[in-house]
Amino acid sequence: MENRYILCPTDFSESSAHALQHALKLSELYRQTLRLLHVISRPYGDDITTEPHHEDNFGIIVASPEEQQAHLTAYATEKVRNLLAGLPAQQRVEIQINQGNPVSQILAEAAKEDVDLVVIGCHHHAPFSHWLHPDVAQQVVNKARCPVLVVK
C-alpha cells in the first residue's frame, strides 16, 4: 500500500497546536503518516526581488542574513523538538522545515501526490483586519487542490 500523508503546517501558535491534535487523531484513524511542516521566513536583507511573494519582506536589515537564518533555524528546531516530545511514541511523523513564504510553501507541499489532506489552524482576527493581513489558512483553502480542514 502506498504511503499517504496528512500535512499539518505549524507556526507554533495555540491554533496550530489545536490543529495538530486533530491531525494526530486523523492520522491514527486512517493509519497515515503525519507530515509536520514549519516555514521559516526569509531573513531580512536577503535578495527579495527575485523570489515570488517578495513583498512579504521589505528588505529591512536586522542582522546579517546568515545570523538571522541561523537564529530562525535554531528556534524552529527547538520548537519542533518540544512538539515531538509530546507525541505518542508509535505516531509516524515526518518533520519538514522549509524557508520562504508560508502560503507558497504550504501549497507546494500540499500539491504533492502523496498528500491526502491539509489540517491547518486559523487565527482569530479582528473584523476587517483580514484585508490588511490575509489569513494563511484562508489563502490555503482558496488555492489548495487537495481537501483542507481548518481547525478553529
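- Considering only residues two or more places apart in sequence or on other chains, Q21 meets the side-chain hydrogen bond (donor to acceptor under 3.5 Å, both in side chains) condition with none of them.
- In this view, K112 and E109 satisfy the salt bridge (charged side-chain N to carboxylate O under 4.0 Å, His left out) rule, not counting sequence neighbours.
- Contact record, V93 with I95: CG1-CD1, 3.7 Å, taken as the closest heavy-atom pair.
- Listed by chain and residue number, T77, E78 satisfy the side-chain contact (heavy atoms from CB on, under 4.5 Å) test with R81 (two or more places apart in sequence, or in another chain).
- V136 is listed as a side-chain neighbour of I106, based on a closest heavy-atom distance under 4.5 Å.
- L7 is listed as a side-chain neighbour of L37, based on a closest heavy-atom distance under 4.5 Å.
- Annotation: the span from L117 atom CG to H22 atom NE2 amounts to 12.0 Å, rounded to 0.5 Å.
- Shown here for G121 and A137, the closest heavy-atom pair between the two residues is O-CB, 3.7 Å.
- Take E28 and apply the salt bridge (charged side-chain N to carboxylate O under 4.0 Å, His left out) test, not counting sequence neighbours, and it matches no residue.
- Applying the salt bridge (charged side-chain N to carboxylate O under 4.0 Å, His left out) definition to pairs two or more places apart or across chains, those involving residues 89-108 are R35-E94.
- Judged as a side-chain contact (heavy atoms from CB on, under 4.5 Å), and not counting sequence neighbours, the contacts of K79 are F12, Y75.
- Side-chain contact check for L34 versus L20: some heavy-atom pair is nearer than 4.5 Å.
- Taking the side chain as every heavy atom from C-beta outward, L84 and V80 approach each other to under 4.5 Å.
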**Study point:** I97/T73 under side chain to side chain contact (heavy atoms under 4.5 Å, CB included): CA gap, chis, key distance, verdict
**Key:** CA-CA 8 Å; I97 299 176; T73 302; 5.9 Å; no
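- Taking both residues in full, the closest heavy atoms of V150 and C122 are given as CG1-CB, 3.7 Å, listed atom of the first, atom of the second, then distance.
- H71 is linked by a side-chain contact (heavy atoms from CB on, under 4.5 Å) to nothing, counting only residues two or more places apart in sequence or in another chain.
- Of the options V141, I120, V118, L26, a side chain to side chain contact (heavy atoms under 4.5 Å, CB included) to L149 is made by L26 and by none of the others.
- Nearest heavy atoms, A76 versus H38: CB-CD2, 3.5 Å.
- With sequence neighbours left out, S27 forms a side-chain hydrogen bond (donor to acceptor under 3.5 Å, both in side chains) with Q91.
- Applying the side-chain contact (heavy atoms from CB on, under 4.5 Å) rule to Q32 yields the partners R4, I6, Y30, D116; only residues at least two apart in sequence or on another chain are considered.
- Residue pairs meeting the salt bridge (charged side-chain N to carboxylate O under 4.0 Å, His left out) criterion with at least one member in residues 5-20, sequence neighbours excluded, do not occur.
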